[in-house]
Amino acid sequence: MPGAIYAEGLVKTFGDVKALDGVDLDVPEGTVLGLLGPNGAGKTTTVRCLTTLLRPDRGRAEVAGLDVLKHPNEVRRSIGLSGQFAAVDEYLTGRENLQMVGQLYQMKAKPAKARAAELLDQFDLADAADRPAKTYSGGMRRRLDLAAALVVSPPVMFMDEPTTGLDPRNRQLLWDVIKRLVSGGTTLLLTTQYLEEADHLAHDIAVVDHGRVIARGTSDQLKAQTGGERVEVVVHEREHIATAREVLAGFGKGDTTVEEHTRKLTVPVTGGAKLLAEVIRELDTRGIEIDDIGLRRPTLDDVFLSLTGHVAELRSNEENGKEAAA
Amino acid sequence: MSTLTDAVRGTAPAPGGSIGQSVRDSLVVARRNLIRMSRIPEMVIFGLIQPIMFVVLFTYVFGGSMDIGGSTSSTDYTNFLMAGIFAQTVTFATAGAGAGIADDMHKGLIDRFRSLPMARGAVLTGRTLADLVQTALTLLVLAGVALLVGWRVGSNGDTNAFRVLGAFGLLLLLGYAFTWIGALIGLSVRTPEAATSGGLIWLFPVTFISNAFVDTSNMTPWLRHIAEWNPFSATVQACRVLFANPGQSASDAWPMEHPVWASLIYSVLIVLIFRTLAVRKYRSAAA
């Protein structure tokens, strides 16, 4: 039985660019899938296909048990979409924005008004409710945008980079909202450029590159796939690098990598903290002064790098929007 | 899965696509655009200044040197001119509609609307309806200014309130039709800036190769032909007839002989064609 969000072989081509090259997804009801990928990988295009904004060239998709291609309008009733740009009318007040969205979800004027008031409270926007959204800070706008996506408490939510460009406090605020939503049973598909965010919020992660899902699993599974822990040492003196390398080779389970200019040595290991203690003792015995030493577990950044073979270009926020227009 | 689906269907209203829903959704969007306009009064004011400037400039700069039906009196020119200025003013609403829709695309609002279970076309219909309200206000103010500089209906024959209102009705219909062209332009360009200039440029030949500002009988034959079949000229001629103002083209071109019908037919055709194209474009629009 397919999940609340299900896609099979989605293909979408823009001119010469194959934005989606057979995307398969299956998100069980009540869970969060984090869609992770470099810019231009096809994350936004996937979301646009699943939210009826874009017709895939090939493939099949179901959202909330409804065929996206055959019943787009029914699907629209069951979903909320919060995009990477805060899509609110900046000349309308927060209240007017939410009321309008409610009415366009086919609520009557009165219930739409009541629901708007409720959401403004819930999203900590009550004080600014009757000011034009133009006067809101970036974080407030993003909250308003998310509130707009939740007007009818849709069972399935799509969030396209919900916290891009937010300060840590606002990001934390949104994370709390998202967690509350999911604990209430909402199914969520989330794209993000923050690996930390996927780690934090998503039950499952799908890594997308060149329009395909290249890996999926829980964050722990993906990290395990990349390899285990490693010891990182920064020696104080450049001339100690060679000796330190010898020491590490004795403990390591693979090749030691050396960064000359930062005097950093890295070696894959097994054995955890106990081994780390041994390494420190041995280095000390040999009279090597160290600036820093630690046991590192792979981050999602490492996962990403080892899977896609290139560094995630996470800084230019524009790209994902353009990917859809290309 | 079935529980989830049932829950959604249970709370969902009757299937969309009905005329009632179309009207309701369009009005919600129109209201949104009117609130916007009220919060950006400078846009409404600039929209007014331009036609007023045209009235004043044309009346006082060109007024004494234009030959209207053998007369070069500046009063005759003012009475001739106003139908043209009114018609030009309503068509300039096109650029506003285009820029507004392009701006909505750019800001991601069109995406939000397209993800909502609302009637197709309501976003565009709401916008064009709001522009119609603005156009009506502009016409009202402009008519006041015209009266101040000496424009009078019935200066060249008899007319009545019914005919004068009919003329304004045709003007509004023309303006409404042109906002659908603006909507299509707005959906087709990448930036609001491009929509503003792209929405204006083509209006100059359309409004100047016409009977709006000069007597078409002074044009070279091929240009005159274009001017007399120009949909825009039909409305101008219809207004002159209904206002009983001077300078009606004496031509055997069908739109000049039956200007009221021609104006109606042209405007309705423009709405039908450009609404269809714009709604289709909207449904596949990508920000």
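Here is how names work: the chains are called A, B, and so on, in the same order as the sequence lines, proteins then strands, and each is numbered from 1.
Taking each heavy atom of B:Pro117 and A:Arg77 in turn, the nearest pair found is CB-CG, 3.5 Å. Residues A:Ala87 and B:Arg112 approach most closely at O-NH1, 3.3 Å, considering heavy atoms. The two residues B:Val28 and A:Met100 make their nearest non-hydrogen contact at CG1-CG, 3.8 Å.
Contact annotation: the side chain of A:Gln106 approaches that of B:Gln21 to within less than 4.5 Å [non-hydrogen atoms, C-beta and beyond]. Looking only at side-chain heavy atoms (C-beta outward), A:Tyr105 and B:Leu116 come within less than 4.5 Å of each other. Looking at A:Thr93 and B:Arg39, their side chains come closer than 4.5 Å, going by heavy atoms from C-beta outward. Between A:Glu96 and B:Arg36 the shortest side-chain heavy-atom distance does not fall below 4.5 Å. Within the 4.5 Å cutoff, no side-chain heavy atoms of B:Lys107 are placed close to those of A:Val88.
From A:Phe158, atom CZ reaches atom OG of B:Ser115 across 10.5 Å, with rounding to the nearest 0.5 Å. Atom CD of A:Glu90 and atom CG of B:Asp103 lie 7.0 Å apart (nearest 0.5 Å). Here the straight-line distance linking atom CG of A:Asp89 with atom CD1 of B:Ile35 works out to 8.5 Å at 0.5 Å rounding.
Interface remark: A:Ala148 contributes backbone and side-chain atoms alike to the contact with chain B (heavy atom separation under 4.5 Å).
Heavy-atom contacts from other residues, nucleotides or ligands closer than 6.0 Å to NZ of A:Lys179 number more than 12.
Among A:Arg55, A:Gln99, A:Gln103, the residue with the largest count of heavy-atom pairs under 4.5 Å with chain B is A:Gln103. Contact tally against chain B (heavy-atom pairs below 4.5 Å) for A:Val75, A:Leu81, A:Thr51, A:Thr52: the top residue is A:Leu81.
Interface with chain A: from residues 44-55 of chain B, no residue qualifies, criterion being any non-hydrogen pair under 4.5 Å.
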